[in-house]
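Read the structure below first, then the notes.
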2 protein chains.
Amino acid sequence: MTTFRQIKSDVIGRITAGEWGPDATLPSETELAARYGCARATVNRALRELADDGVLERRRKSGTRVRAAPVRQARFEIPLVRREVEGQGAAYRYALVERAVMAAPDWLRARMALEPEARVLHLVCMHYANASPYQYEDRWIALDTLPAAEAEDFAATAPTAWLLATIPFSQVEISFAATEADAALAAHLGCAEGAALFFAERSTWFDGKPVTFVRLVHRPGHRVTARY
Amino acid sequence: MTTFRQIKSDVIGRITAGEWGPDATLPSETELAARYGCARATVNRALRELADDGVLERRRKSGTRVRAAPVRQARFEIPLVRREVEGQGAAYRYALVERAVMAAPDWLRARMALEPEARVLHLVCMHYANASPYQYEDRWIALDTLPAAEAEDFAATAPTAWLLATIPFSQVEISFAATEADAALAAHLGCAEGAALFFAERSTWFDGKPVTFVRLVHRPGHRVTARY
DNA sequence: AAGTGGTCTAGACCACGAA
DNA sequence: TCGTGGTCTAGACCACTTA
């Protein structure tokens with residue numbers, strides 16, 4: 001019997017061997033099903049998954065082609081800090097550094113597309129691994145969208161965990177970049193001023209409305225890794 | 001009629017509404033198919049995709065559960081530098097800075113799991129956007145695995161493009177981090193020494209054998225972004 | 001031993017999009 | 001117009017896992 005996995009690796013093999021070069025059109029699903037001696041649904045699943053992986057490009061009527069420039073995609077897991085730290089066998093500790101309710105500063109209003117006069121909750125938190133600074137968290141929560149946040153003190157629970165429990169499914173944009181440590185960051189993370197720090201920024205929407213913006217600055221040397 | 005997309009969003013809706021809380025077990029596929037009035041294959045596809053997305057966890061016999069801590073995954077596209085630059089409407093230019101064949105240094109042997117005495121091709125390249133430095137590339141190619149690389153001069157073609165054409169499918173590990181600019185980096189990227197730079201490192205294997213290791217250092221301010 | 005998901009089949013209808 | 005992929009169906013057998 002032919003399984004969709006076999007078809008996938010056979011197709012990859014033919015592309016690698018050069019039988020189907022860049023931009024080549026593959027035979028139709030019906031044709032391939034006949035060749036492999038299986039049902040069209042089986043071929044469909046194999047080709048669909050390869051298209052998801054960025055190897056193939058499919059269009060109705062014109063057929064299935066080998067992507068000239070394969071879309072390389074890496075999937076990164078975004079863990080909760082607590083899990084990340086504990087997964088490394090270290091003891092996790094959370095601390096709230098600052099908590100304030102205020103009118104959204106201009107840069108944040110622009111960034112999150114907030115209404116003028118929008119009120120936000122600003123939180124600064126620290127995450128420690130075995131008593132060493134691990135991550136600095138600078139978070140802003142839109143109170144218009146999530147008024148319940150104002151009643152939380154976040155003294156013991158990290159905002160990420162609370163948010164995850166409150167709005168488990170949301171649209172997220174994440175980006176990675178580097179920044180130099182300013183005086184405050186250096187003090188909190190225990191590094192030299194000017195040190196190169198890796199950070200992630202996340203914007204979250206729920207039901208089309210802006211919920212939260214966070215900058216997570218990692219201690220020096222931190223890296224995120226993925227395989228594909 | 002009920003489509004697998006409708007089922008997906010209905011399931012998400014019920015989880016969001018709290019009907020199926022964390023760790024809750026969903027009804028079996030057969031049961032759900034009866035409820036939705038569709039075939040089991042349709043339910044299967046919906047639940048399988050939600051499991052791929054990290055929302056559900058499925059196990060034979062024990063059933064489908066809502067993940068307590070949803071696995072957040074972000075998919076980043078890894079473009080060729082040329083495409084990235086041109087996609088921003090800038091003119092792309094490539095330059096080879098250095099090319100040398102040598103015995104692999106110890107740190108690289110360890111990192112790539114190379115044989116003792118392994119020979120490698122070391123390349124340093126620059127990528128420019130509108131004549132401004134865009135990315136610094138420090139690449140090592142294992143000549144044992146890819147002897148053909150020694151015959152290439154890489155004067156006009158960037159190694160990434162050549163590698164992609166030569167071994168289109170390979171296993172890749174990528175990681176992101178930050179580093180401070182040393183004198184050489186600062187000169188090449190036109191930034192101050194000590195500036196915080198974002199970089200990606202990629203290790204590639206083909207057929208289980210190490211092929212290449214590359215560090216791509218971006219100009220100051222660069223970020224990579226993904227949605228999920 | 002038994003229930004659950006994993007997969008395949010053979011057939012069907014439909015939507016898109018290039019000619 | 002009409003060929004291609006997209007999806008659904010009803011049924012089947014199997015593999016895994018837990019009780």
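The chains referred to below are lettered A, B, ... by the order of the sequence lines, with proteins before strands, and numbering in each begins at 1.
For Ser9(A) (side chain) and Gln6(A) (main-chain N/O), a donor-acceptor pair under 3.5 Å exists by modelled atom type. Formation of a donor-acceptor pair under 3.5 Å by the Asp138(B) side chain with backbone atoms of Val124(B) is not found in this model. A distance-only check finds no donor-acceptor pair linking the side chain of Tyr134(A) to the backbone of Arg82(A) [under 3.5 Å]. Formation of a donor-acceptor pair under 3.5 Å by the Thr2(A) side chain with backbone atoms of Tyr36(A) is found in this model.
Heavy atoms of Thr30(A) sit nowhere under 4.0 angstrom from any nucleic acid atom. Residue Thr3(B) is in sugar-phosphate contact alone, with no base atom involved, counting any heavy-atom pair closer than 4.0 Å across all strands shown. Within 4.0 Å of Arg65(B), counting heavy atoms only, lies no atom of the nucleic acid at all.
Between Thr2(A) and Arg59(B), the residue anchored closer to the 5' end of DNA chain C is Arg59(B), taking for each the nucleotide with the nearest heavy atom.
In this view, Ala95(B) and Arg93(B), Tyr128(B) satisfy the side-chain contact (heavy atoms from CB on, under 4.5 Å) rule, not counting sequence neighbours. Checked against side-chain contact (heavy atoms from CB on, under 4.5 Å), Ala226(B) has the following partners two or more places apart in sequence or in another chain: Ile174(A), Ala74(B), Phe76(B). In this view, Arg59(B) satisfies the salt bridge (charged side-chain N to carboxylate O under 4.0 Å, His left out) rule with no residue, not counting sequence neighbours. Considering only residues two or more places apart in sequence or on other chains, Glu29(A) meets the salt bridge (charged side-chain N to carboxylate O under 4.0 Å, His left out) condition with Arg40(A), Arg58(A). When the side-chain contact (heavy atoms from CB on, under 4.5 Å) test is applied to Arg223(A), the partners found at least two apart in sequence or on another chain are Thr225(A), Arg111(B), Ser175(B), Ala177(B), Phe199(B), Glu201(B).
Within residues 32-43 of chain B, the residues that have a heavy atom under 4.0 Å from DNA chain C are, in order of number, Arg40(B). For DNA chain D, no neighbouring residue in residues 8-16 of chain B is found when judged by any heavy atom under 4.0 Å.
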Report each atom pair, protein N/O against N/O of nucleotides 14-16 of chain D, whose distance is under 3.5 angstrom.
{"residue": "dA15(D)", "atom": "N3", "partner": "Arg60(B)", "partner atom": "NE", "Å": "3.3"}

Distance-only check: which donor-acceptor pairs under 3.5 Å involve side-chain atoms of residues 203-212 of chain B, not counting sequence neighbours?
{"residue": "Thr212(B)", "atom": "OG1", "partner": "Arg139(B)", "partner atom": "NH1", "Å": "3.0"}
{"residue": "Thr212(B)", "atom": "OG1", "partner": "Trp140(B)", "partner atom": "O", "Å": "2.8"}

Can you give each donor-acceptor pair under 3.5 Å made by side-chain atoms of residues 11-23 of chain A, sequence neighbours left out, with the distance rounded to 0.1 Å?
{"residue": "Arg14(A)", "atom": "NE", "partner": "Asp10(A)", "partner atom": "OD2", "Å": "2.8"}
{"residue": "Arg14(A)", "atom": "NH1", "partner": "Glu19(A)", "partner atom": "OE1", "Å": "3.3"}
{"residue": "Arg14(A)", "atom": "NH1", "partner": "Glu19(A)", "partner atom": "OE2", "Å": "2.9"}
{"residue": "Thr16(A)", "atom": "OG1", "partner": "Ile12(A)", "partner atom": "O", "Å": "2.7"}

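Along DNA chain C, read 5' to 3', the first and last nucleotides having any atom under 4.0 Å from a heavy atom of chain B are dA2(C) to dT7(C).
The 12-atom threshold is exceeded at CD of Gln88(B), counting heavy atoms of other residues, nucleotides or ligands nearer than 6.0 Å.
Each salt bridge (Lys or Arg N to Asp or Glu O under 4.0 Å) pair with one or both residues in residues 150-160 of chain A, not counting sequence neighbours, appears once here: Arg119(A)-Glu150(A).
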